[in-house]
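The chains referred to below are lettered A, B, ... by the order of the sequence lines, with proteins before strands, and numbering in each begins at 1.
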Amino acid sequence: MNARSDSTQWRDRLSWAELEDQSEILPESFYARPAEEVARALLGKILVHGRLAGRIVEVEAYLGADDPAAHASRGVTPRTRVIFGPPGRAYVFFIYGMYDCFNLIAEPEGAPGCVLIRAAEPLCGISEMRLRRPNARCVEELASGPGRLTMAFGITRRDTGRPVTGGDLTVRSLSGGASFEIETTPRIGIRRSAERPLRFLIAGNRFVSRRS
DNA sequence: CAATAGATCATCT
DNA sequence: GATGATCTATTGC
């Protein structure tokens, strides 16, 4: 029986009760440091929206004025205002006329910086994610990419500005996670500053996005 | 399997 | 008026 026809692959990896019991919401102070540091620290953490949960396996850091690839590099605009605001908030932007991309604000209030969440390993609520991602042919395809992830988790531009330190949308640390190595590469799909090593992923993980 | 075109719109020039 | 932190279907080898 191959992976595609094996229905057991669609089963949740973790029960909601177990997640509630063994995880803690990351506080605002977790995000109030350099974006690059926050990006690395977010790997292995759990993104939770409603009853959906997934382990973050791939991220990218976007900085400020000295990072032309970052939206915040040109200063405060209506769109980028939130990036200069308090840490631990969501920044969701719309791109290519079709997709939303989910970021977490880093750095203390007043300083720009954020982390793009590029991929997650689904843990809870997989059947609901599947409904939101009818094109996914296996669990690995549910949230392996920035656009895929927001579709699977039901995150939209309307979530911009929302704190992830409480309520419906949170990021948590789960106790007892296996250790892993962090792989560093250039960021994907950008033109300016394309060479900077600001993409971080869990080495060897099957749930990271494809292309480079 | 790899390459590429098309979809489609908010944001900034 | 051009561009872009993407995904998918289709084409071609």
Side-chain angles (χ1 to χ4, degrees), chain A residues 2-4 31 34-40 42-43 47 54 56-85 87 89-107 112-122 129-162 164 171 182-202 206-212:
Chain A
N2 65 34
R4 183 170 303 179
Y31 302 93
E36 191 173 342
E37 205 178 313
V38 176
R40 290 173 162 275
L42 279 170
L43 289 176
L47 172 64
I56 296 169
V57 298
E58 179 183 348
V59 297
E60 284 176 0
Y62 285 86
L63 315 179
D66 62 337
D67 180 13
H71 290 167
S73 66
R74 302 203 178 181
V76 180
T77 68
R79 178 170 69 160
T80 62
R81 185 171 44 88
V82 65
I83 305 175
F84 291 80
R89 306 304 201 269
Y91 166 49
V92 188
F93 67 91
F94 189 59
I95 194 165
Y96 299 128
M98 256 183 218
Y99 302 107
D100 288 303
C101 291
F102 176 54
N103 299 252
L104 293 171
I105 305 304
E107 311 272 349
C114 61
V115 178
L116 171 68
I117 311 299
R118 288 190 53 91
E121 172 179 350
M129 292 186 194
R130 206 175 169 186
L131 294 176
R132 297 175 182 279
R133 291 267 306 124
N135 286 326
R137 291 168 303 179
C138 53
V139 235
E140 286 85 352
E141 288 181 353
L142 280 175
S144 54
R148 291 174 173 183
L149 183 140
T150 53
M151 284 188 268
F153 279 83
I155 294 171
T156 71
R157 281 160 284 168
R158 307 186 65 99
D159 294 311
T160 290
R162 283 181 63 182
V164 296
V171 181
I182 296 179
E183 187 177 337
T184 304
T185 80
R187 293 171 293 185
I188 291 182
I190 57 172
R191 300 164 76 95
R192 321 176 203 241
S193 297
E195 76 294 342
R196 295 184 73 163
L198 290 173
R199 173 173 176 248
F200 307 100
L201 53 101
I202 293 182
R206 303 199 320 281
F207 295 83
V208 302
S209 66
R210 276 287 186 183
R211 355 177 330 199
S212 52

Could you measure between the two P atoms, the one in B/dA5 and the one in C/dT3, and give it in whole Å?
->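 About 16 Å, rounded to a whole number of Å.
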
Going from [atom1] on [X] to [atom2] on [Y], what distance comes out if it is rounded to the nearest 0.5 angstrom?
X: A/Met129; Y: A/Phe153; atom1: CE; atom2: CZ; answer: 3.5 Å
X: A/Leu47; Y: A/Leu149; atom1: CG; atom2: CG; answer: 6.0 Å
X: A/Asn103; Y: A/Thr150; atom1: CG; atom2: OG1; answer: 10.5 Å

Output the rounded distance in Å from [atom1] ([X]) to [atom2] ([N]).
X: A/Arg199; N: C/dT6; atom1: CZ; atom2: C1'; value: 14 Å
X: A/Met151; N: B/dA7; atom1: CE; atom2: C1'; value: 13 Å
X: A/Ile190; N: C/dT6; atom1: CD1; atom2: P; value: 9 Å
X: A/Arg133; N: C/dT6; atom1: CZ; atom2: P; value: 14 Å
X: A/Tyr99; N: B/dG6; atom1: OH; atom2: P; value: 15 Å
X: A/Glu141; N: C/dT6; atom1: CD; atom2: P; value: 17 Å
X: A/Glu60; N: C/dT6; atom1: CD; atom2: P; value: 7 Å

Which stems does DNA chain C form, counting runs of 3 or more consecutive Watson-Crick or G-U wobble pairs with both distances under 3.5 Å?
-> B:1-7 with C:6-12, B:9-12 with C:1-4

Establish, yes or no, whether the cationic atom of A/Arg187 lies under 6.0 Å from the six-membered ring centre of A/Tyr62 and within 45° of the ring axis.
-> yes

With sequence neighbours left out, what residues match A/Phe207 under ring-ring contact (aromatic ring centres under 6.0 Å, His included)?
->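 With neighbours one apart ignored, the set is empty.
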
Determine whether A/Val208 and A/Ile202 make a side-chain contact, defined as any pair of heavy atoms from C-beta on separated by less than 4.5 Å.
->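 The answer is no, as the side chains (C-beta and beyond) never meet within the 4.5 Å cut-off.
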
Is any side-chain heavy atom of A/Phe93 closer than 4.5 Å to a side-chain heavy atom of A/Ile95?
-> yes

Ranking C/dA5, C/dT8, C/dT6 by distance to the side chain of A/Arg148, first place goes to C/dT8

A/Val76 versus A/Arg81, closest heavy-atom pair with distance |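 Closest heavy-atom pair between A/Val76 and A/Arg81: CG1-CA, 4.0 Å.
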
May I ask you to decide if A/Val115's main-chain N or O and A/Glu60's side chain share a donor-acceptor pair within less than 3.5 Å?
->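 Here the side-chain-to-backbone pair does not exist.
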
Going 5' to 3' through nucleotides 8-13 of chain B and flagging B where a protein heavy-atom sits under 4.0 Å of the base, S where only the sugar-phosphate is that close, and - otherwise, we get BBSSSS

Below 4.0 angstrom from OP1 or OP2 of C/dT6, is there any side-chain N or O of A/Arg118?
->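 It does, given that an N or O in the side chain of A/Arg118 lies less than 4.0 Å from OP1 or OP2 of C/dT6.
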
Between A/Asn135 and A/Arg191, which has a closest nucleotide on DNA chain C that is more 5'?
->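 Result of the comparison: A/Arg191.
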
